[in-house]
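Read the structure below first, then the notes.
In what follows, chains are A, B, ... by sequence order, proteins preceding strands, each numbered from 1.
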Number of protein chains: 2
Amino acid sequence: MVKPTRVTNSIRALRFANGEMTQAELAARLGVTRQTVIAIEQGRYSPSLELAFQLARVFGVPLDDVFQYPAE
Amino acid sequence: MVKPTRVTNSIRALRFANGEMTQAELAARLGVTRQTVIAIEQGRYSPSLELAFQLARVFGVPLDDVFQYPAE
DNA sequence: TCCATGTGTCAATGATTCTTTACATGGCGA
DNA sequence: TCGCCATGTAAAGAATCATTGACACATGGA
């Protein structure tokens with residue numbers, strides 16, 4: 001992990017809240033690889049804004065419900 | 001511009017709505033260069049999620065108020 | 001006119017995100 | 001036990017984002 005991001009996310013919880021969705025299934029729905037999902041879920045890096053929007057759309061929640069940016 | 005982003009934004013409007021903030025001033029507040037602000041404002045590329053969050057914070061609005069991701 | 005300010009363009013470079021491929025581990029059912 | 005599935009690690013390379021520096025143009029004030 002070269003540069004851990006400060007942004008945290010609720011992807012894992014949202015996956016399980018949506019029919020026990022697996023990482024592979026989520027990746028397929030996003031059109032990215034499973035490794036990308038793993039890396040984002042673990043906070044190894046924050047996704048591009050586009051991918052973040054797609055993520056929120058898959059779960060049907062606003063962006064701020066998927067990602068959290070801690071105050072200073 | 002190889003791949004224009006599909007994400008649009010309201011940065012310009014938000015700048016003027018916040019005391020006629022200039023691009024240079026916004027850039028300084030974000031800790032990025034003026035060129036970066038220009039490129040994002042024009043939709044040449046979408047910013048990183050972190051920068052997007054900082055942008056929303058500067059204007060005091062949720063992320064979804066700054067950036068819009070059009071439906072399919 | 002001269003100068004400062006705000007905006008915009010271009011090019012080169014570095015940093016980060018994402019892909020691809022390969023392999024490892026633990027749980028579970030046949 | 002064997003095979004499959006879900007998860008995880010790792011590394012190299014491609015694609016995208018972000019930086020700097022230099023220059024251009026319009027506007028407004030001294």
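Protein atom CD1 of A:I40 is 9 Å distant from nucleotide atom P of C:dT17, rounded to whole Å. Taking atom OH of B:Y45 as the reference point, atom P of C:dA15 lies 15 Å away to the nearest angstrom. Atom-to-atom, CG of B:L49 to P of D:dA18 comes out at 10 Å; the value is rounded to the nearest Å. The CG-C1' distance, from B:L26 to D:dA18, rounds to 15 Å in whole Å.
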Check: protein-nucleotides 26-30 of chain D nitrogen or oxygen pairs below 3.5 Å:
none

Please write out the pairs of protein N or O atoms and N or O atoms of nucleotides 3-8 of chain D separated by less than 3.5 Å, giving the distance to one decimal.
unit_1 : atom_1 : unit_2 : atom_2 : d
D:dT7  : OP1    : A:R15  : NH1    : 3.0
D:dT7  : OP2    : A:Q23  : N      : 2.8
D:dG8  : OP2    : A:Q23  : NE2    : 2.6
D:dG8  : N7     : A:R34  : NH1    : 3.3
D:dG8  : O6     : A:R34  : NH2    : 3.0

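B:L26 pairs in a side chain to side chain contact (heavy atoms under 4.5 Å, CB included) with only one of the listed residues (B:V37, B:N18, B:V32), which is B:V37. The only member of A:E25, A:E41, A:E20 that meets side chain to side chain donor-acceptor pair (under 3.5 Å) when paired with A:R15 is A:E41.
B:L30 and B:Y45 fall within the same hydrophobic cluster, where Ile, Leu, Val, Met, Phe, Trp and Tyr residues are linked whenever their side-chain heavy atoms come under 4.5 Å apart, directly or through other members. With hydrophobic clusters built from ILVMFWY side chains whose heavy atoms lie under 4.5 angstrom apart, A:V66 shares a cluster with A:M21. Residue A:V58 is grouped with residue A:I40 when hydrophobic side chains (ILVMFWY) are merged at heavy-atom distances under 4.5 angstrom, including chains of intermediate members.
The backbone N or O of A:Y69 lies less than 3.5 Å from a partner atom in the side chain of B:R57, making a donor-acceptor pair. Not one N or O on the side chain of A:D65 forms a donor-acceptor pair closer than 3.5 Å with the backbone of A:V61. A donor-acceptor pair is defined here as one N or O able to donate and one able to accept, closer than 3.5 Å; no such pair exists between the side chain of A:R34 and the backbone of A:A28.
Under 4.0 angstrom from either OP1 or OP2 of D:dC17 there lies no side-chain N or O belonging to B:T36. Residue A:S48 has no polar side-chain atom (N or O) positioned under 4.0 Å from OP1 or OP2 of D:dT16.
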- [ ] Given side chain to side chain contact (heavy atoms under 4.5 Å, CB included), test A:L49 with B:F53 step by step and report yes or no.
- [x] CA-CA 10 Å; A:L49 191 55; B:F53 266 113; over 6 Å; no

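Going from atom CG of B:D64 over to atom CG of A:L63 covers 5.5 Å, rounded to the nearest 0.5 Å. In this structure, B:R29 CZ and B:F59 CZ are separated by 8.0 Å, a value rounded to the nearest 0.5 Å.
Inter-axis angle, ends of the helix from C:dT1-D:dA30 to C:dA30-D:dT1, five pairs per end, rounded to 10 degrees: 30°.
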